[in-house]
Amino acid sequence: MITAERLREIAFWSAELTEEEIERARRGMTEKAFAKGAYICHKGDKFDPWLGVVSGLVRLGTVSQKGKSVTLAGMRAGGWFGEGSVLKKEARQYDLVALRDAKLALMASATFFWLFENSAGFNRFLVTQFNERIGQFIALVEFDRSLDATAKVARNIAWLCNPVLVPRAGNHLDITQEEIGLISGVSRQAVNAALQTLEQKKLLRVGHGGIAILDLDKLSHYED
DNA sequence: GCATTAACAGCCG
DNA sequence: CGGCTGTTAATGC
């Protein structure tokens with residue numbers, strides 16, 4: 001169980017909840033630490049909590065039939081995910097790996113369903129979250145030709161900084177080029193080249209162990 | 001051609 | 001010093 005104050009810190013959506021709903025939410029939640037490289041769950045697991053990243057970086061991915069690993073998305077601190085599997089009471093559709101030491105918040109599915117049945121604020125948040133994800137998905141399908149490495153990197157960085165999915169993100173992203181590679185499905189060297197291209201176009205600025213976002217909108221629509 | 005792996009020097013904290 | 005970055009060379013699809 002976590003305190004009401006802790007809930008405010010780690011869960012931006014709690015701002016939409018009434019006192020009673022906050023009480024329910026915090027009683028149904030715990031925090032858990034994962035070491036770098038650790039699996040949070042595997043594809044096919046019956047793992048029921050809804051998840052939020054409190055600190056660290058998490059990779060959502062899977063393994064194709066041919067055996068190569070495919071990354072679906074990265075999730076940074078402040079992001080919440082997994083509501084699809086919880087709502088449908090189904091097994092996880094992907095692997096979750098901590099790319100560095102991470103702390104996650106876990107909400108029991110019974111609590112999630114209670115909020116779903118009783119809280120207007122929580123439902124407003126859920127609809128907003130789904131809507132934003134659909135928007136990302138549409139943007140992905142819109143460009144049927146495959147993206148080059150620079151475009152993949154640009155889009156994945158933009159997703160990590162989505163202000164609706166991660167409202168407190170700000171303009172700075174603490175992430176190494178290797179981590180961007182793991183999330184984007186591109187080698188570290190290709191990430192390095194991509195970042196330099198994007199910096200020249202003034203869409204972002206590269207620093208040591210992090211980047212500053214200058215033009216999120218252009219990053220999210222970037223085509224080579 | 002473009003991207004990947006491997007290897008390495010240099011830089012930053 | 002250890003981790004991260006920027007580059008180059010060799011290899012693969």
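Each chain gets a letter, A, B and so on, in the order its sequence line appears, and its residues count up from 1.
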Tell me the interatomic distance from A:Gln177, atom CD, to B:dC11, atom P, rounded to whole angstroms. 16 Å
What is the distance, to the nearest angstrom, from the CG atom on A:Leu182 to the C1' atom on B:dT5? 14 Å
Over how many whole Å does the gap from A:Gln196 atom CD to C:dT5 atom C1' extend? 9 Å
Round to a whole Å and report the spacing from CG of A:Asp148 to C1' of B:dT4. 15 Å
Please give, in whole Å, the distance from C:dT7 P to A:Leu195 CG? 12 Å
Compute whether any side-chain donor of one residue and acceptor of the other, for A:Asn118 and A:Glu21, lie under 3.5 angstrom apart. no
When the distance from CD1 of A:Ile211 to P of C:dT5 is rounded to whole Å, what number comes out? 10 Å
Between C1' of C:dG6 and CG of A:Asn192, the distance in whole Å: 5 Å
Which of these nucleotides, C:dG6, C:dT8, C:dC4, is closest to any side-chain atom of A:Arg188? C:dG6
Mind checking what makes side-chain contact (heavy atoms from CB on, under 4.5 Å) contact with A:Thr128, not counting sequence neighbours? A:Val164
Tell me whether A:Trp159 is reachable from A:Val153 by hopping between hydrophobic residues (I, L, V, M, F, W, Y) whose side-chain heavy atoms are closer than 4.5 Å. no
Can you confirm if the NZ or CZ of A:Lys89 lies within 45° of the ring axis of A:Phe113 and under 6.0 Å from the centre of its six-membered ring? yes
For the pair made of CD1 in A:Ile175 and C1' in C:dT5, what is the distance, rounded to whole Å? 15 Å
Please confirm whether any donor atom in the side chain of A:Gln189 sits under 3.5 Å from an acceptor in the base of B:dA6, or the reverse. yes
Considering every strand and a 4.0 Å limit on heavy-atom distances, what is the contact class for A:Ser187: base, sugar-phosphate, or nothing? base
